[in-house]
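Structure, as structure tokens:
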Amino acid sequence: MRAGDFHHIDKRKAVLDSAAALDEAYWNASEEENSESASKESSDAQSLKYFSRAKALSAVAFCAEEDPIEAAVEAIYEAISAVNDPTDIVEKVKDRIEH
């Protein structure tokens, strides 16, 4: 992305497609949590993994938005959603804003 080549539509689409596939896997895993045959703990862990990865990929995809403010806001939102504890992300954002 820093090299400036991420704005290429095919690369961004590939990231968005991967995020959508993980999002679908998240919903499927969430539905399995309700099934009697699935272990609740393993289903929770699996669906959380899919959710986090989908959000992380979405954050990367938003970095390619043309409007830099929209790109930053959306990417930060998605990145925070991808982690259990967003403290590090929030602190890094605050540090960049202050400097």
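Just so you know, these numbers come straight off a predicted model, no measurement behind them.
- The distance from atom OG of Ser30 to atom CG of Leu48, rounded to the nearest 0.5 Å, is 9.5 Å.
- With rounding to the nearest 0.5 angstrom, the OG atom of Ser18 is 10.0 Å from the NZ atom of Lys13.
- By the side chain to side chain contact (heavy atoms under 4.5 Å, CB included) test, Ser81 pairs with Lys55, Tyr77, sequence neighbours left out.
- When all heavy atoms of Cys63 and Ala75 are compared, the closest pair comes out as SG-CB, 3.9 Å.
- Remark: Asp17 CG to Leu57 CG distance equals 10.5 Å, nearest 0.5 Å.
- A search for side-chain hydrogen bond (donor to acceptor under 3.5 Å, both in side chains) contacts involving Tyr50 returns Gln46, not counting sequence neighbours.
- The other residues sharing a hydrophobic cluster with Val83 are Ile76, Ile80, Ile89, Val90, Val93, Ile97, where clustering joins ILVMFWY side chains under 4.5 Å apart.
- Remark: Asp67 pairs with no residue by the side-chain hydrogen bond (donor to acceptor under 3.5 Å, both in side chains) rule, at least two apart or across chains.
- Residues Ala71 and Glu65 share a closest heavy-atom pair of CB-CB, 3.7 Å.
- In terms of heavy-atom proximity, Ala59 sits nearest to Ala79 at CB-N, 3.8 Å.
- The CZ atom of Phe51 sits 8.0 Å away from the CG atom of Asp23 when rounded to the nearest 0.5 Å.
- For Asp88, there are no side-chain hydrogen bond (donor to acceptor under 3.5 Å, both in side chains) partners two or more places apart in sequence or in a different chain.
- In this structure Glu74 satisfies the side-chain hydrogen bond (donor to acceptor under 3.5 Å, both in side chains) test with no other residue, sequence neighbours excluded.
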